[in-house]
Amino acid sequence: MPYPYIPSQSIGLRTAGYDEAWLQKLVLSNPAILGLGDLKNAGREVRQSSGGRLDFLLMDPELERMYEVELLLGSTDESHIIRTVEYWDIESRRWPSWEHRAVIVAEEITNRFFNVIWLLNRSIPIIAIKLNALIIDGKMTLCFTKVLDIFETPEGRDPVQPQAATRQEWVDYSAPESIAVFDKCIELMSQNGRAPRVTYNAGHIAVGGLKKNCAWFYPRRKKVHCKVEFLVPEDKAAALLQELNDVGIDASQPSPNVIKVMLSSRELEANKPLVQEVLALAAAEGGGL
C-alpha cells in the first residue's frame with residue numbers, strides 16, 4: 001500500500017528562522033543525517049593552522065576514513081570551496097594514515113560552482129551535498145541529497161581492454177535478486193524487437209546502443225541491489241538525480257553526464273516509469289537501439 005501523499009513547500013533555512021549554529025547542532029546530534037554512513041563526531045569548529053575553523057571532522061573508525069565537512073546556508077561560493085579543500089589538506093597531513101574526503105554542504109550549488117567542484121573532484125576526493133528545507137503539514141524537515149560523489153574510474157569506461165566473462169559466470173557469482181535487476185533493465189530497454197548490446201566482462205556488464213556503451217551493471221554477490229551507471233544528457237542529469245533520490249533510490253552523480261544508482265528489484269518495480277525513462281535516455285546516448 002503506497003504512503004499517503006503530502007504536499008511540501010521548499011524554504012530557505014534563514015527564512016524558516018534557523019541559522020548555521022542550529023544546523024551544526026543538528027548534524028552534531030546525528031551525523032548520519034548527511035547520508036554518509038554511521039559516522040562519529042571527531043571535532044566541531046576544529047581550529048586549523050591557517051587560522052580558520054573546520055565546521056566538522058567526522059570519522060568512520062572501521063574504514064579509517066575521515067570527512068572534513070563545511071556547512072553553508074544559502075548558495076556555495078569561491079571561499080566555501082577554497083576553505084573546504086584547504087581544511088581537507090591540513091587534516092590529511094595531520095592524520096596521514098587515514099583516508100580523507102572533503103564534504104561541501106550548501107542549500108544551493110549553482111551550475112558554475114558544481115562544474116568547479118567536479119573538476120577538482122578529479123584530483124581531490126570531494127563530495128557535494130545539497131540541503132533542502134521543506135515545510136510539510138506545518139512542520140519543517142531537512143533533505144540531504146548527494147549531488148556529487150568521489151570520483152571513481154568507471155570500470156565500464158576504462159580504456160584498458162577488460163577481461164571477458166560469460167553470463168553464467170555472473171549468474172553463479174551474483175545474488176539472484178541482484179542479477180534480476182540487470183535482467184529487468186534489459187527487458188525494459190528492449191522494444192520493437194530491438195535489444196541493447198550486452199557484453200559480459202569480469203568486472204562489470206556493459207550495455208550499449210548502436211554507437212557506444214551507455215550503461216554499466218555491477219551485480220552484487222551478497223546484496224539484493226545492483227550498482228548501475230547510466231549515461232544521460234548533461235542538461236537532464238540534475239533533475240533525474242533529484243527525482244531518483246525523491247522516490248528513495250540511492251543515486252549520485254559521479255560526473256556531469258553519468259548517474260550512479262544502487263537499485264533493488266523492489267525499487268525498480270515501484271518506480272518502473274522513472275527507471276524506464278532513465279534507461280531510454282541512456283539508450284539514446286548510446287546511439288539508439
Side-chain angles (χ1 to χ4, degrees), residues 149 151-289:
D149 207 343
F151 177 73
E152 300 173 0
T153 302
E155 294 142 277
R157 285 166 277 136
D158 194 323
V160 178
Q161 183 64 33
Q163 181 179 345
T166 65
R167 172 177 172 80
Q168 190 57 51
E169 286 174 324
W170 274 105
V171 171
D172 293 342
Y173 168 85
S174 308
E177 300 93 337
S178 187
I179 194 73
V181 173
F182 163 73
D183 289 335
K184 186 62 178 180
C185 284
I186 296 301
E187 179 185 327
L188 292 175
M189 290 181 79
S190 303
Q191 53 186 331
N192 301 323
R194 298 179 179 179
R197 172 172 42 82
V198 177
T199 305
Y200 294 96
N201 299 301
H204 63 275
I205 305 173
V207 175
L210 294 175
K211 294 182 178 179
K212 62 181 179 180
N213 289 337
C214 59
W216 297 264
F217 290 79
Y218 305 81
R220 317 304 260 186
R221 187 170 190 174
K222 297 181 180 180
K223 303 289 185 180
V224 298
H225 67 262
C226 179
K227 185 177 88 169
V228 192
E229 291 178 335
F230 301 103
L231 272 186
V232 296
E234 189 171 335
D235 61 344
K236 296 182 182 294
L240 289 171
L241 179 69
Q242 187 67 56
E243 286 187 72
L244 290 163
N245 279 296
D246 284 348
V247 298
I249 295 176
D250 182 4
S252 59
Q253 188 179 357
S255 64
N257 66 336
V258 174
I259 289 179
K260 179 174 72 175
V261 301
M262 297 296 183
L263 187 64
S264 68
S265 292
R266 179 183 60 80
E267 292 166 338
L268 194 160
E269 287 299 324
N271 303 282
K272 189 182 295 183
L274 177 56
V275 174
Q276 195 159 20
E277 178 187 357
V278 177
L279 289 167
L281 288 171
E285 291 294 288
L289 301 180

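Computed from a prediction, not measured in an experiment: that's the story for all the values here.
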Does D235 have any side chain to side chain donor-acceptor pair (under 3.5 Å) partners at least two apart in sequence or in another chain, and if so, which? none
Just to verify, what does S264 make a side chain to side chain donor-acceptor pair (under 3.5 Å) with, not counting sequence neighbours?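 Once residues adjacent in sequence are excluded, the partners of S264 under the side chain to side chain donor-acceptor pair (under 3.5 Å) criterion are E267.
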Keeping to residues at least two apart or across chains, list the side-chain hydrogen bond (donor to acceptor under 3.5 Å, both in side chains) pairs with something in residues 273-289. none
Check side-chain contact (heavy atoms from CB on, under 4.5 Å) between [X] and all other residues, then give those that pass, not counting sequence neighbours.
X    : result
K212 : L231
S174 : W170, I179, P219
A238 : none
E177 : A175, V224

Residues in salt bridge (Lys or Arg N to Asp or Glu O under 4.0 Å) with [X], at least two apart?
X    : answer
R167 : D183
K272 : E269
E169 : none

Under the rule for ring-ring contact (aromatic ring centres under 6.0 Å, His included), what residues qualify as partners of F230, not counting sequence neighbours?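 Once residues adjacent in sequence are excluded, F230 has no partner under the ring-ring contact (aromatic ring centres under 6.0 Å, His included) criterion.
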Could you check whether any side-chain N or O of R220 sits under 3.5 Å from a backbone N or O of C226, counting only pairs where one atom can act as donor and the other as acceptor? no
Check whether any side-chain N or O of D149 sits under 3.5 Å from a backbone N or O of P254 as a donor-acceptor pair, and report yes or no.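 No, because the side chain of D149 does not come within donor-acceptor range (under 3.5 Å) of the backbone of P254.
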Where at least one partner belongs to residues 243-256, residue pairs that pass salt bridge (Lys or Arg N to Asp or Glu O under 4.0 Å), sequence neighbours excluded: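 Output for this query is empty, none listed.
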To the nearest 0.5 Å, what is the distance between OH on Y218 and CG on N201?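 Here the rounded value is 9.5 Å.
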Heavy atoms, side chains only, cut-off 4.5 Å: are V278 and I259 in contact?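 In short, these two side chains do not touch, never coming nearer than 4.5 Å.
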